[in-house]
Amino acid sequence: MEIKTAIEYLINYGLHHHLIEISDKMYIRNQYYFMLNLDYEPIKIELNYDVPEQNPELLLARIYQYVVTHEKDRKLKMNQDMFYAELMNVMTPRPSQIRQYFELIKATHGISKAIDYFYNLSVASNCIKLHNAQQNQFWYSPSSYGNLEIIINLSRPERSSHEIINDYYKASSSYPQCFLCLENEGYAGNNTKQSRFNHRVVPLLLNHKTWFFQFSSYLCFEKHSLIFSEQHRDMAINQDIFMAMFDYVDLMPNYFIGANTELPIIGGSILSHEHFHSGIHSFPIDHAGIRSTITWHQYPQVTSCILEWPLSTIRLQGGRNELLNLADIILKNWLKYNNPSIQIISQTGSQHSSLNPIVRKLGENQYQLDLILRNNRCNQQYPTGIFHSHQHLHHIKKENIGLVEAMGMAILPGRLKAEIELIIDFILNKMNVDDIQTNDCLYIHQQWINALSEQREHMNKLALQQIIEVSIGHKFTQMLECAGVFKNTPQGNQAFIDFIQDVNRDVANL
């Protein structure tokens, strides 16, 4: 496709998806011609408008290829990601325009319609990289806890807990200070930071403070979104956070909201900026069974239980005020709870215990609050975390078991796609596992390949692929079981009940 034709199709895409108006066409065309160093001349191009592009990726790729091929004398100062974002930014409305229109829709049609408008705009502007998300591999994996969800995410980079901690300490000296900060709107990016030229956010008032709402570029589940604080401040789990979460589901009752912990190893990929995850999705934890019921003194109207789930989870259902009060008491008790016989120690000079809260609105003044108990302590046997995915599972995923994983959705690194294909070829060709070199990408999977090879007789590629997927599901189940603080054993279950009784004594003394 000739470059000027590609530009006309891109402009047509912007019109079709309501990024621009007809009166903007000349202006947008001139912007692109200047960016691409093209000669200005009258436009005489006939387009097939009957089939508008559903996403701009193909057009962006063609324009980028033109620049790489024809502008050899002019050094391209940006990578492909930055170039795509800058092209789309030309057509993306300014933040003030988006926020004004968002508030107008909210006032006239309600916040649900306003969020739908913002989602459609985020997809159209390629801020949500829907094309990338559609390339992810997804399957369900049966387990004793129900069907878990497995995603190999091809666009999200894998980072270790060590790298996440390093980023936390670097944050104060960088610009923007982190991936979430408001300063990311329109930020060009560089070789180490993703371009955010076309990135936009909208404000929300939660617990009397300004927060900002954005959709995730990676879109791991339906309407995957992030809500971050106006100020760059460290993650925290406290009563103020609980209140902000309840305010959010009052605003958007069809969305869930959840928070990562504020601690390394058991926290998310960003520890330095207070934020939540949200979206419209029913996770495996939502379908978990009941291990045992709980009755709270002075809160008989609250329905509560310990979930049949690999991570130790308390579920509360009831009115807002009752759940807020109970959550605060449970959190305070968990932050000081110690049981060395099962390796739980709350502090050793630094705090080790925290929790993941998840809120859903069930009906008029009826809410569900899940509290997933977490602990990040390490010891000599488990230097990367006693209640973290253990070392023998890191070849599948070395990153933190964060909120989304804790709810039963594995977000696995994109490298696995190519590595699985290599493993299949390796096994079907009956190669010797001892020949794998230490610098070979299969080296980290050496023991796994050995185990899989025992099942290779009379096996075709499809059958082996299915066996590998089942095996990955089993490994993810083990990762979640590693992260459980009260193990599903007689000793662990009794300790969990004893903890609940300690909390109940505090409730009775109110």
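Phe276 has its ring centre no less than 6.0 Å from the ring centre of Tyr248.
Interatomic distance, Ser389 OG to Ile396 CD1, rounded to the nearest 0.5 Å: 9.5 Å. With rounding to the nearest 0.5 Å, the separation of CD in Glu274 from CG in Asn238 is 7.0 Å. Between atom CD1 of residue Ile472 and atom CG of residue Leu393 there is a gap of 12.0 Å, rounded to the nearest 0.5 Å.
The shortest distance between side-chain heavy atoms of Leu316 and Ile330 falls below 4.5 Å. At a threshold of 4.5 Å between non-hydrogen side-chain atoms, the residues His224 and Phe221 count as touching.
Taking the six-membered ring for Trp and thresholds of 30 and 60 degrees, Phe283 and Phe256 have ring planes more than 60 degrees apart, a perpendicular arrangement. Ring-plane geometry between His277 and His275 is classed as perpendicular, the angle between the planes exceeding 60 degrees on a 0 to 90 degree scale with a lower cut at 30. Classified by interplanar angle (parallel below 30°, tilted 30° to 60°, perpendicular above 60°), the ring pair Tyr382/His390 is parallel. Taking the six-membered ring where the residue is Trp, Phe499 and Phe496 present tilted rings, their angle falling between 30° and 60°.
For the pair Arg196 and Phe179, the cation-pi criterion (under 6.0 Å, within 45° of the ring axis) is fulfilled.
When each of Gln343, Arg374, Arg377 is tested with Phe387 by the rule side chain to side chain contact (heavy atoms under 4.5 Å, CB included), just one qualifies, namely Gln343.
Listed by first and then second residue, the salt bridge (Lys or Arg N to Asp or Glu O under 4.0 Å) pairs that reach into residues 209-218 come to none, sequence neighbours excluded.
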Side-chain donor-acceptor contacts of residues 475-486 below 3.5 Å, not counting sequence neighbours, with atom names and distances?
unit_1 : atom_1 : unit_2 : atom_2 : d
Lys475 : NZ     : His395 : NE2    : 3.3
Thr477 : OG1    : Gly473 : O      : 3.0
Glu481 : OE2    : Tyr145 : OH     : 2.8

Expected list for residues 110-122: side-chain donor-acceptor pairs under 3.5 angstrom, two or more places apart:
unit_1 : atom_1 : unit_2 : atom_2 : d
Asn120 : ND2    : Asp116 : O      : 3.2
Ser122 : OG     : Phe118 : O      : 2.8

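Counting non-hydrogen atoms of other residues, nucleotides and ligands closer than 6.0 Å to CD of Gln447 gives a total of 12 or fewer. Surrounding CD of Gln301 are more than 12 heavy atoms belonging to other residues, nucleotides or ligands, all under 6.0 Å away.
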Report task. With side chain to side chain donor-acceptor pair (under 3.5 Å) as the test, would you mind laying out the steps for Asp250 and Tyr367 before giving the verdict? Result -> CA-CA 10 Å; Asp250 280 339; Tyr367 303 83; 2.5 Å; yes

Report task. Please assess Ser269 against Glu399 for the test side chain to side chain donor-acceptor pair (under 3.5 Å), listing each intermediate value before the final yes or no. Result -> CA-CA 8 Å; Ser269 58; Glu399 201 171 16; 5.0 Å; no

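Checked by atom type, the side-chain pair Asn338/Gln347 shows no donor-acceptor distance below 3.5 Å. Side chain to side chain, Gln494 and Asp498 meet the donor-acceptor criterion of an N or O pair below 3.5 Å.
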